[in-house]
Each structure stands twice: as structure tokens, then as C-alpha cells.
*Asks:* 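The structure that follows is given in the form of C-alpha cells.
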Amino acid sequence: MNLSKRCFISNKLEEVFTPNTIAKLTYVKRELIEDDLEKYIKVPGKQIVVYGHSGSGKTTLLRNTLIKLEQKFIRVHCEKSTTFEDILLQAFDELNVYYVVENSISSTNKISSEIKADYKAISTKISSEISSSITEKTIKIVPPQLTPMKLAKFLGEAECVLVIEDFHKVIDTEKQRIADVIKIFIDSANEYPNVKIICIGAVGTARELIQLDSNLNSRIAELLVPLMTNFQIESIVKKGMDLLNVKMEQKLIDKIVYYSNNLASITHQMCYDICYHTGIKKMRVLKKTLKEDSFKVAVDSYVRKNSDTFSKIYDSVISNPFGWNVLKKFDFTEKEYLSFDEILRSIPRERKTLNDDLEDFLSQLGTPEYEEVIRYDRNSKKYSISSPFFRAFLKMKLALEKNEISERNRHKSRKKNKLYNIEEPKINELILSEDFLNNYYQHLDNYLIRHITLRNEIIERNLDKNNPKHKYH
């Protein structure tokens with residue numbers, strides 16, 4: 001882009017790197033999964049479950065695909081407390097734009113007057129709110145006229161798709177009711193070909209639905225959104241930097257790629273932090289080069305923002321009888337990936353458990369409840385700590401605990417020998433001082449160096465296999 005154009009185009013940092021919202025300017029296409037998604041969206045009656053790791057780009061992928069197809073949609077968001085009635089009401093409220101707002105250009109004029117009148121009648125009923133004098137909380141009541149079949153009809157008339165986000169958070173009893181609704185939507189496709197539900201959830205979401213009703217097996221398209229490849233992560237970085245007229249040193253890009261865990265959301269966050277703290281708030285008129293040392297800014301920011309989350313994850317994991325031993329094994333080993341047997345051998349004899357119990361626990365550590373701290377690779381059948389950031393935190397946390405134990409032992413010995421009371425030493429806490437951040441950054445660098453060394457060893461071994469003469473030179 002030439003200088004004159006850059007003077008009139010002003011891409012803002014918050015529009016380029018979007019860690020908490022869908023990517024638009026830096027969207028990287030994933031053709032294979034996009035083609036499958038487009039295909040199933042067009043199949044009448046086919047309901048869809050889009051699942052994958054948190055931050056892998058599920059919502060971004062789906063939204064961009066729906067926009068590309070010019071497919072109208074409404075979305076409802078789930079929390080742990082979300083009930084089936086909440087979903088009905090959210091969906092009904094979101095439909096307002098198609099039934100209440102008048103727009104002569106919009107295709108909503110195709111909706112029959114009878115259906116519009118039906119919608120307005122239910123809307124009036126919902127508007128009747130009941131105030132509880134005890135809790136002083138206003139609640140909405142789902143009128144009997146608002147049934148799943150009626151919702152499917154409203155969506156069908158509006159030619160609109162219902163997107164249910166974070167489906168995995170809903171409790172099992174409510175999931176069962178949603179599974180029943182999906183069957184209704186499948187049947188409604190005979191009259192309204194475009195009506196469908198698209199659920200977005202964590203790994204295992206599709207399996208949960210099938211387990212709730214085996215009849216859904218052939219009627220639901222299960223689409224796994226995989227972790228992004230290193231090339232795709234690098235494409236996000238380079239695309240964003242081009243939009244801001246910034247050049248990054250390749251070493252800095254390599255660090256972002258490695259520490260992203262192949263997650264788009266972390267990539268966006270690191271790039272945002274680096275740009276923000278180096279004064280890049282919008283597209284530059286003159287190109288600026290960012291060097292490798294800029295990465296420490298992103299690390300400091302990320303640690304400050306996530307230290308409490310890391311502490312909560314750690315506390316949750318060690319509350320399990322063998323949770324501490326699992327984390328200790330990952331910290332102690334030089335390996336990045338561990339087999340189930342390697343982890344099992346780390347459990348002390350007095351805490352030995354059934355293989356199934358440990359396997360279930362490791363699976364739980366891969367769920368959003370534990371921030372997906374453990375990642376399981378189905379190909380190698382091995383486990384790893386998903387985030388280098390958490391692994392560096394873990395090393396410092398365990399080192400601090402070791403110091404605490406030594407300190408307690410010294411005080412106990414002194415108390416016994418001198419026969420006078422000594423106050424119990426205060427438990428050390430992780431203080432985000434400059435020394436802490438410097439040590440943390442050093443641990444991160446060590447993991448990257450180890451990763452590069454292992455990668456080079458693998459490349460060397462492959463060269464030896466493919467070219468026997470290579471090892472003699």
C-alpha cells in the first residue's frame with residue numbers, strides 16, 4: 001500500500017487484533033472445514049454441532065461462513081445456570097429485529113401477517129412481568145403459546161438459523177431438552193428448509209448430544225474445528241502487521257507462534273499487547289519494525305492478567321488426591337508429551353488408583369472447567385500441558401512451595417531446640433515483581449529452546465533415515 005493511501009486509511013489496533021471478539025480484518029480461511037460447514041448449512045434438516053478447544057476460532061469460523069452465505073442468524077449464549085426456558089426467551093427476543101422493526105428493503109416482509117400477529121401476541125404475553133417482593137427480582141414467564149414448534153416456525157418464516165453458543169456449559173437435564181428440540185427442528189425442515197440449530201461447544205459436545213439421543217446420530221453434522229497450524233497462526237500475525245504497516249522480526253513471529261498454543265485468541269492477545277505497549281494504536285504512515293525484545297512486554301501483560309486464573313487452576317487440580325503428582329510429573333520431566341503409563345508411575349503407591357479413575361481425571365483437565373490445562377493428542381495418545389505460560393507458572397509455583405517446606409522445617413527445628421514459641425511463618429505468595437517476571441520469562445525461553453532442540457533432533461533423525469549417507473558425512 002502506497003503512502004497516499006495510508007494517509008486516508010486508518011485501521012485501528014482494536015479492529016485488527018480482536019482477542020475477545022470475532023476476527024474480521026485478520027480472518028484466516030480454513031478451506032476444508034469451511035467447505036464442510038457451508039455444505040451442511042445448505043442441507044435442509046441437517047443440524048450442526050461445531051466443537052473444539054476454547055479459543056480455536058469456532059465462533060469466528062461460523063460467523064464468517066454465515067456472513068459469506070448471506071444466511072441470517074440469531075444467537076443465544078449459555079451459562080451454567082441457563083435453562084431451556086432461558087434459551088427460548090433469548091431466541092424470541094433476538095427475533096424482534098425480524099418481526100418488530102419495519103424495513104422496506106429487508107426480506108422480512110415475506111413473513112405472513114398471520115405469523116407476525118402470532119409473534120406480537122406472544123411478545124405481549126412475555127411483557128407481562130411478575131415482580132417478587134421477596135427477592136425484588138423481575139422475572140419473565142414463558143407463555144404457553146411459545147413452544148419449540150412455534151419457535152421453529154418463527155425462525156423458518158424469517159429464514160433464520162439459531163446459533164446456541166457454549167452449549168457445553170448447560171447442565172445435563174437442560175441438554176436433554178435441547179436434544180428434544182433439535183428433533184423438532186429436523187421435522188420442521190419439511191415445511192421450512194432453512195430452519196436449523198447450530199450448537200457451538202467444547203471438545204466432546206457432539207458426543208454428548210448423540211449419547212442423549214442415538215436417533216440424532218445420522219441427523220447431526222459434527223464438525224471439529226482443529227487447533228490452528230503454525231502457518232495459519234503466522235498468517236494472522238503477518239496479516240495484522242501489514243494492516244498496521246508494521247514489520248516484525250522473524251524471531252518475534254516465531255515466539256508468538258510457539259506460545260500461542262495454536263490458538264487464535266492467544267495470538268490476537270499477544271499481538272495486541274505488543275502493539276499497544278510499543279505505541280502502535282492504529283495504522284502507521286511510516287513503517288515501524290518490532291524486534292524480538294518486544295515480546296517480553298506481551299509476557300508481562302499476559303502474566304498480570306492471568307496469574308489469578310493460573311492460581312485457581314492450580315488449586316483446583318491439586319484438590320484431587322493425585323492432582324499434585326500429575327503436575328509435578330510434567331514439571332519434573334524434560335519431555336513435552338507424556339504417555340498415560342508415565343503419568344501413572346508418578347502416583348505414589350499409597351495413592352494408587354484405578355486406571356479408569358486417572359484417565360477420567362486427565363480427561364476432566366482437558367475441559368473448560370479446568371481451562372483445558374491438559375491437552376490430549378489422539379494420534380500419539382499422549383498428554384501435554386496445553387499452555388507454555390501455565391507451565392512456566394507451574395515451575396515457579398512448585399519452586400515456591402519447596403521453599404515454603406524448607407522454611408517450615410527450619411522453624412520447627414529452631415522451636416524444638418530453643419524451646420520457645422515462634423510464630424508460624426507466613427506462606428509465600430506469588431508477587432508479580434520485576435524479579436518474578438524476569439524469572440518467568442527465562443523459563444518461557446528455556447521451553448522454547450528445548451522445543452527447537454527437539455524439533456531439530458527429529459529433523460536430523462528423518463534426514464538420517466531418508467539418506468543413509470548423511471550420517472557418514
Side-chain angles (χ1 to χ4, degrees), residues 18 21-52 56-78 87-88 90-112 115-116 119 148-167 178 181-201 205-206 209 216 218-226 264:
T18 54
T21 55
I22 65 168
K24 295 177 182 176
L25 297 178
T26 53
Y27 179 64
V28 173
K29 291 186 177 181
R30 294 192 258 182
E31 291 184 2
L32 188 61
I33 188 72
E34 283 182 34
D35 288 346
D36 283 343
L37 185 54
E38 284 184 32
K39 175 176 66 179
Y40 291 124
I41 288 174
K42 292 177 181 178
V43 176
K46 181 69 76 174
Q47 312 304 297
I48 303 171
V49 178
V50 179
Y51 66 101
S56 60
K58 301 181 295 292
T59 303
T60 293
L61 177 76
L62 176 59
R63 297 262 197 104
N64 279 286
T65 302
L66 290 171
I67 291 168
K68 175 185 173 183
L69 296 175
E70 297 183 347
Q71 171 62 61
K72 292 181 289 185
F73 65 94
I74 60 169
R75 50 182 284 272
V76 298
H77 183 77
C78 298
I87 292 173
L88 274 181
Q90 280 187 61
F92 189 82
D93 286 344
E94 291 293 323
L95 277 169
N96 268 353
V97 69
Y98 299 109
Y99 282 88
V100 177
V101 178
E102 294 297 330
N103 189 338
S104 59
I105 301 174
S106 173
S107 61
T108 55
N109 287 324
K110 294 178 182 177
I111 300 172
S112 68
I115 295 292
K116 278 190 174 183
Y119 179 91
M149 290 182 68
K150 187 71 75 174
L151 178 61
K153 195 167 187 176
F154 288 145
L155 286 163
E157 285 283 339
E159 297 181 352
C160 198
V161 167
L162 173 60
V163 176
I164 301 179
E165 297 181 351
D166 289 338
F167 168 82
I178 294 172
V181 172
I182 287 176
K183 288 187 289 186
I184 293 172
F185 272 59
I186 292 169
D187 294 336
S188 298
N190 293 315
E191 186 177 355
Y192 301 106
N194 290 333
V195 71
K196 67 174 74 252
I197 291 177
I198 302 177
C199 293
I200 304 177
T205 302
L209 267 177
L216 295 175
S218 61
R219 298 180 171 193
I220 289 182
E222 306 168 30
L223 293 179
L224 169 64
V225 176

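Start at 1 with the first residue, then count along the sequence. The analysis underlying the following values was restricted to heavy atoms, covering all of them including side chains, and did not include hydrogens, waters or symmetry mates.
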*Asks:* For the residue pair Tyr51 and Glu222, confirm or rule out a side-chain donor-acceptor distance under 3.5 Å.
*Replies:* no
*Asks:* Any donor-acceptor pair under 3.5 Å linking the side chain of Lys196 with the backbone of Val43?
*Replies:*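 The answer is yes, because a donor-acceptor pair under 3.5 Å joins these two groups.
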*Asks:* Can Ile164 and Cys78 be said to form a side-chain contact (heavy atoms from CB on, under 4.5 Å), step by step?
*Replies:* CA-CA 7 Å; Ile164 301 179; Cys78 298; 3.5 Å; yes
*Asks:* Under 6.0 Å from the NZ atom of Lys39, do we count more than 12 heavy atoms belonging to anything else shown?
*Replies:* yes
*Asks:* After noting the C-alpha distance and the side-chain angles of Ile198 and Val50, does the key distance pass the side-chain contact (heavy atoms from CB on, under 4.5 Å) rule?
*Replies:* CA-CA 7 Å; Ile198 302 177; Val50 179; 4.0 Å; yes
*Asks:* To the nearest 0.5 Å, what is the distance between CG (Leu61) and CG (Leu223)?
*Replies:* 8.5 Å
*Asks:* Rounded to the nearest 0.5 Å, what separates atom CD in Glu94 from atom CG in Leu162?
*Replies:*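 Result: 9.5 Å between the selected atoms.
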*Asks:* Please give me the minimum heavy-atom distance between Ile200 and Thr59, naming the atom from each residue.
*Replies:*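 Nearest heavy atoms, Ile200 then Thr59: CD1-OG1, 4.0 Å.
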*Asks:* Check Cys199 against Ile182 and note the closest heavy-atom contact, atom names and distance.
*Replies:* SG-CD1, 4.5 Å
*Asks:* Is it true that a side-chain atom of Asp187 and a backbone atom of Ile184 form a donor plus acceptor pair closer than 3.5 Å?
*Replies:* no
*Asks:* Nearest heavy-atom pair of Val195 and Ala152: which atoms, and what distance?
*Replies:* CG2-O, 3.6 Å
*Asks:* Do other residues, nucleotides or ligands put more than 12 heavy atoms under 6.0 Å from the CZ atom of Arg219?
*Replies:* no
*Asks:* If you look at every heavy atom in Ile74 and Leu155, which pair is closest and at what distance?
*Replies:* CD1-CD2, 3.7 Å
*Asks:* Rounded to the nearest 0.5 Å, how far apart are CG of Leu62 and CD1 of Ile48?
*Replies:* 8.0 Å
*Asks:* Side chain of Arg30, backbone of Pro226: donor and acceptor closer than 3.5 Å?
*Replies:* yes
*Asks:* If you compare all heavy atoms of Ile33 against all heavy atoms of Leu224, which two are closest, and at what distance to 0.1 Å?
*Replies:* CD1-O, 3.3 Å
*Asks:* The test is side-chain contact (heavy atoms from CB on, under 4.5 Å); show your working for Val163 and Val76 and say whether it passes.
*Replies:* CA-CA 6 Å; Val163 176; Val76 298; over 6 Å; no
*Asks:* State whether the side chain of Glu157 and the backbone N or O of Tyr192 hold a donor-acceptor pair below 3.5 Å, judged by distance alone.
*Replies:* no
*Asks:* Output yes when a side-chain donor or acceptor of Gln47 lies under 3.5 Å from a complementary backbone atom of Gly45, and no otherwise.
*Replies:*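 Flag set: sc Gln47 to bb Gly45 pair under 3.5 Å.
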*Asks:* Is Lys46 reaching over with its side chain to a backbone N or O of Ala221, donor-acceptor style, under 3.5 angstrom?
*Replies:*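 Looks like no, no N/O pair under 3.5 Å.
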*Asks:* Measure the spacing between OH of Tyr27 and CZ of Arg63 and express it to the nearest 0.5 Å.
*Replies:* 12.5 Å
*Asks:* Which heavy atom of Glu34 sits nearest to which heavy atom of Thr65, and what is that distance?
*Replies:*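 Smallest heavy-atom distance, with atoms named: CG-OG1, 4.2 Å.
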*Asks:* Between CG of Leu95 and CZ of Phe154, what distance do you get to the nearest 0.5 Å?
*Replies:* 8.0 Å
*Asks:* For Glu38, give me all partners under salt bridge (charged side-chain N to carboxylate O under 4.0 Å, His left out), at least two apart in sequence or on another chain.
*Replies:* Lys68
*Asks:* Heavy atoms, side chains only, cut-off 4.5 Å: are Lys72 and Val161 in contact?
*Replies:*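 Lys72 vs Val161: side chains apart.
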*Asks:* In Å, rounded to the nearest 0.5 Å, how long is the span from OH of Tyr40 to CG of Asp35?
*Replies:* 11.5 Å
*Asks:* Which is it for Val181 and Ile197 under the side-chain contact (heavy atoms from CB on, under 4.5 Å) test, yes or no, and what are the steps along the way?
*Replies:* CA-CA 9 Å; Val181 172; Ile197 291 177; 3.9 Å; yes
